[in-house]
Amino acid sequence: MGLPHTRGDEPPINAPIGANSKACPTRVGMNRVLSIACSQRTSLPHTCGDEPRVYIMMHEDEHAYLHKDYLLENLWPEYERARALPILQTSVCRIRSILSPCGERASLNYAGARYGLFLSGVQCDYIAAQAALAAFDARRRETHPPVMEACADLAKGLLPQNGYLWSIAKEEALRQGLSAALEKVISEYALPENRPARRKSLSHLALLNPANEDAQRRYLAVLEADGMRKKMVRHCAWLKGVLRLRYDEELPGAIRGIWPDQTEE
């Protein structure tokens with residue numbers, strides 16, 4: 001990765017981002033690039049992989065000022081300070097630009113060699129997924145929908161996928177946590193009258209874990225029991241493609257036994 005251009009002075013203290021902007025973003029997207037999803041359903045993509053990393057660390061410690069040396073040591077421990085500092089400064093500048101449609105609802109401040117991210121009513125899909133998992137309680141069904149939404153977001157990809165080890169580790173930790181929560185939801189919906197909710201939970205589990213044969217078998221079995229032939233065909237076709245593309249594998253024998261090859265069109 002080439003070194004970004006070094007900025008001169010640090011940004012002003014307590015500088016609001018885009019204070020005069022009328023656009024009101026509601027969601028910060030982390031999928032491959034850092035972007036803003038505005039109320040008009042537009043986005044402002046930026047292709048550098050460093051911004052999501054910086055943003056997440058600041059957002060996880062929202063309303064707290066983090067010393068720039070702390071950020072440098074934790075984000076780029078393999079780089080000398082002279083090399084890492086320009087990356088941080090450029091990332092901060094780009095994050096400000098990305099958040100500019102938020103107006104006064106977002107500010108990335110700098111004071112005393114510390115950065116602080118302050119947000120009001122602005123959501124981040126990755127942070128929202130973490131919050132959904134933290135608030136999850138299988139016995140409180142009102143906590144289930146946010147987990148389902150997080151599963152859908154994660155299945156599509158929440159963080160940059162260009163081989164960044166930090167994003168792979170964060171997504172895998174989130175995947176394991178959400179999968180464990182789904183197993184509890186599935187157990188909670190064991191009664192016959194809850195079958196649609198159980199089927200939906202099994203669907204999320206299968207989509208999150210394409211290489212997990214047990215998850216696939218359980219989901220296909222419930223589709224078969226419910227007579228959902230077309231959904232079985234579509235899911236098997238999706239699974240076949242994903243296994244070949246991501247893992248260079250074919251459908252397991254147990255899955256082919258549930259649904260023969262000739263129907264996988």
Side-chain angles (χ1 to χ4, degrees), residues 1-19 21 25 27-38 43-131 157-174:
M1 178 179 63
L3 288 177
H5 178 68
T6 304
R7 296 177 61 233
D9 297 331
E10 294 290 355
I13 296 175
N14 298 332
I17 301 173
S21 174
R27 199 170 183 85
V28 177
M30 293 288 170
N31 186 13
R32 298 181 178 84
V33 295
L34 182 61
S35 64
I36 284 289
C38 300
S43 64
L44 305 173
H46 290 250
T47 57
C48 181
D50 291 307
E51 287 86 58
R53 196 178 184 187
V54 174
Y55 181 91
I56 286 173
M57 175 162 283
M58 290 184 176
H59 199 150
E60 287 177 333
D61 288 282
E62 187 183 354
H63 303 305
Y65 276 88
L66 302 178
H67 198 283
K68 63 183 177 182
D69 288 341
Y70 172 83
L71 293 169
L72 295 176
E73 291 169 5
N74 284 274
L75 292 170
W76 300 282
E78 71 277 17
Y79 290 169
E80 294 182 358
R81 190 179 189 279
R83 184 179 182 187
L85 183 58
I87 303 176
L88 174 61
Q89 292 172 334
T90 301
S91 296
V92 167
C93 185
R94 286 174 173 165
I95 291 172
R96 280 205 172 97
S97 176
I98 293 166
L99 293 177
S100 61
C102 295
E104 295 181 349
R105 298 172 67 193
S107 62
L108 204 173
N109 304 332
Y110 181 82
R114 298 173 184 271
Y115 290 100
L117 181 67
F118 297 83
L119 304 172
S120 175
V122 179
Q123 296 181 339
C124 165
D125 49 12
Y126 174 77
I127 301 298
Q130 284 190 318
L158 280 179
L159 299 173
Q161 299 298 302
N162 299 326
Y164 296 109
L165 294 180
W166 69 269
S167 67
I168 293 173
K170 282 184 175 293
E171 279 212 352
E172 183 55 30
L174 189 57

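Hydrogens, waters and symmetry mates play no part in the numbers below; they use all other heavy atoms, side chains included.
Between Arg83 and Ile87, the shortest heavy-atom distance links the atoms O-CG1, 3.5 Å. The two residues Ser100 and Ser97 come nearest to each other via the heavy atoms OG-O, 2.7 Å. The minimum heavy-atom distance between Tyr65 and Gly116, with the atom names listed, is CD2-N, 3.5 Å.
Under a 3.5 Å cut-off, the side chain of Arg81 and the backbone N or O of Leu72 do not form any donor-acceptor pair.
Interatomic distance, CG of Leu85 versus OH of Tyr79, reported as 14.0 Å (0.5 Å rounding). Interatomic distance, Glu73 CD to His67 NE2, rounded to the nearest 0.5 Å: 9.5 Å. Taking CD of Glu171 as the start and OH of Tyr126 as the end, the distance is 8.5 Å to the nearest 0.5 Å. One distance of note links CG of Leu66 with CG of Asn74; it measures 9.0 Å at 0.5 Å rounding.
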Next on the checklist: Let's go through Lys68 and Tyr110 carefully: what are the C-alpha distance in whole Å and the side-chain angles of both, what is the deciding distance for side-chain contact (heavy atoms from CB on, under 4.5 Å) to 0.1 Å, and is it a yes or a no?
Outcome noted: CA-CA 9 Å; Lys68 63 183 177 182; Tyr110 181 82; 3.4 Å; yes
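Around atom CD of Glu172, more than 12 heavy atoms belonging to other residues, nucleotides or ligands sit under 6.0 Å away.
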